[in-house]
Amino acid sequence: MSDGTAKIKTTVNGRQVEAVVPVRMLLVDFLRDHLQLTGTHVGCTFEGVCGACTVHLDGEAVKSCMLLAAQVCGREVLTVEGLARDDELHPLQKAFQDAHALQCGYCTPGILMNMSDFLKRNPEPSENEIRLALVGNICRCTGYSHIVEAVQNAAGTMKVAAGRSL
Amino acid sequence: MFPAKIETFSRPDTTEQAATLLASAGQREVVPIAGGMSLMQAVKARVVRPDAIIDLNDIAEIKGIKEVASGIWIGAMTRYVELASSELLKGSAFGAISDAASHVGDRQVRNRGTIGGSLCWNYVAACVPVATLALGAQLDLSSKNAGAIDTRSVSIDDFIGAPMETSRRADEILRGVTLSGPRRLTGSAYRKWGHVTDSLPVVGIGVRVVLNENGACKSARAAIGGLSRGTQRFFDVEKRLVGASAKNPGAISEAFRAAAETVEIQSDTWASADYRKVLIEELGTSVSLSAIARAGEST
């Protein structure tokens, strides 16, 4: 189409979605404004510096303000709303709750999405590795120490769970 | 920060389709997008206002890292995350590329950003162009001309221009980067310094050394970034590093200290010229020692 719109078919949190959107629409706006998935946050002015808009694209953590919605046609997007399984929180969500790893909570969805991808690739991270992996997510409340602790705890829980399912 | 109106968006499957779309651009601004980690910023700030965007992310033929007859070929659409963890590159004669890729931004950016995008953007302060220039590389570019595909090969020295400029023509798609040259007794490394972990380099230095049998540097290539002239060869230090060895780090520091006097170094909000000189000496010494150590391990 050359009228400034694009037709997209994509999977968001396991659900098929079809829409005609402006080519210039950012993925984060598509998720928030079009699909009402407002768990994905915008913490900076769409400059890609805060990480609050992090989602998974085909399983990889990316910042949704750095992509056009048209770019996810045919791909799979997972947002924070899709992280829990039915009523069971993702181990990271549970660990954040238990370790009090959030205060205002604005950065939390982005951190959960980044860390859930990170722990898949590095199931037994050191504290330093966790801190380096968090570089793209800005938190202005916690000072990060409880976040790091929660990620460590979640890694432990997920390891135990993986052991059980063997 | 929202993009201005973009008329069309396309996602070709092959380089030829992408080149065909570029060839038919006419007066319209048709912009290929790779990872988009820099370009999208410019599009959102409306510094770049494309009429059409060609998304290169579906072109499988320009992804991946593989051994070829002339060396190691890296597809232009290969992402930083793959470069940073590639067993073919890491710690080898071409390790500077892995070092640079692992220095870029944060992990969300490294999941998306590509070597080709970084080279074509050639930002004034960037890691991957410096590392590629330090290694020496051939770049292959394709365009569509009178119904046929034209491919040409350009050296990285001829490709990198002033900041934000390259010798890529507007109708060309960068296909890949070939790293060649010796591997035995050869090592390379890259390091940057920035104010925070994910910031752009205030200074970034890449060095490749080839050692003689005694562990002394027989020849060197070096490049520097973060200066106002952008990514550039660091010719003077290349000459001064000949004969250097891990036994005498002081001589390496002296080489960088003296060579820093031969390049134009600006003072800006990030660092004074004097501080940049300190960084050049410190980073240069550590990068050279890493490159020499890697060369010593390569057989």
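We name chains A, B, ... by the order of the sequence lines, and we start the count at 1 in each one.
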Inset, instruction - Indicate yes or no for a side-chain donor-acceptor contact from Arg24(A) to the backbone of Ile6(B) under 3.5 Å, with no hydrogens or angles considered. - result: no
Inset, instruction - Could you tell me whether a side-chain N or O of Asp106(B) sits under 3.5 Å from a main-chain N or O of Val135(A), the two making a donor and an acceptor? - result: no
Legend entry - Over 12 foreign heavy atoms within 6.0 Å of CZ, Arg191(B): no
Inset, instruction - Please check if the side chain of Arg107(B) supplies one atom and the backbone of Gly136(A) the other of a donor-acceptor pair under 3.5 Å. - result: no
Legend entry - Member of Lys63(A), Glu60(A), His56(A) meeting the side-chain contact (heavy atoms from CB on, under 4.5 Å) criterion with Asn111(B): Glu60(A)
Inset, instruction - State whether Asp58(B) and Arg75(A) are salt-bridged, where the test is any N-O pair (Lys NZ or Arg NE/NH1/NH2 against Asp/Glu carboxylate O) under 4.0 Å. - result: yes
Legend entry - More than 12 heavy atoms of other groups within 6.0 Å of Lys90(B) NZ: yes
Inset, instruction - Evaluate whether atom OH of Tyr106(A) has more than 12 neighbouring non-hydrogen atoms of other residues, nucleotides or ligands under 6.0 angstrom away. - result: yes
Legend entry - Arg131(A) and Thr197(B), any side-chain heavy atoms less than 4.5 Å apart: no
Inset, instruction - Any chance you could measure Met40(B), atom CE, to Phe46(A), atom CZ, to the nearest 0.5 Å? - result: 11.0 Å
Legend entry - Partner of Met66(A) under side-chain contact (heavy atoms from CB on, under 4.5 Å), chosen from Arg112(B), Lys44(B), Gln108(B): Lys44(B)
Inset, instruction - May I ask you to check whether over 12 heavy atoms, not counting those of Lys120(A), lie within 6.0 Å of atom NZ? - result: yes
Legend entry - CD (Gln103(A)) with more than 12 external heavy atoms under 6.0 Å: yes
Legend entry - Under 4.5 Å from a heavy atom of chain B, the part of Asp29(A) involved: side chain
Legend entry - Separation of Gln71(A) CD from Phe9(B) CZ (nearest 0.5 Å): 5.0 Å
Legend entry - Most contacts with chain B, counted as non-hydrogen pairs under 4.5 angstrom, among Leu132(A), Val49(A), Leu67(A), Leu57(A): Leu67(A)
Legend entry - Part of Asp55(B) lying under 4.5 Å from any heavy atom of chain A: side chain
Inset, instruction - Among Arg110(B), Arg11(B), Lys5(B), Met37(B), single out the residue with the greatest number of heavy-atom pairs under 4.5 Å to chain A. - result: Arg11(B)
Legend entry - Side chains of Val43(B) and Leu68(A) in contact at under 4.5 Å (non-hydrogen atoms): no
Inset, instruction - Show your working on side-chain contact (heavy atoms from CB on, under 4.5 Å) between Glu7(B) and Val23(A) and close with a plain yes or no. - result: CA-CA 7 Å; Glu7(B) 299 292 340; Val23(A) 172; over 6 Å; no
Inset, instruction - Below 4.5 Å from any heavy atom of chain A, which atoms of Ile33(B) appear? Answer side chain, backbone, both or neither. - result: side chain
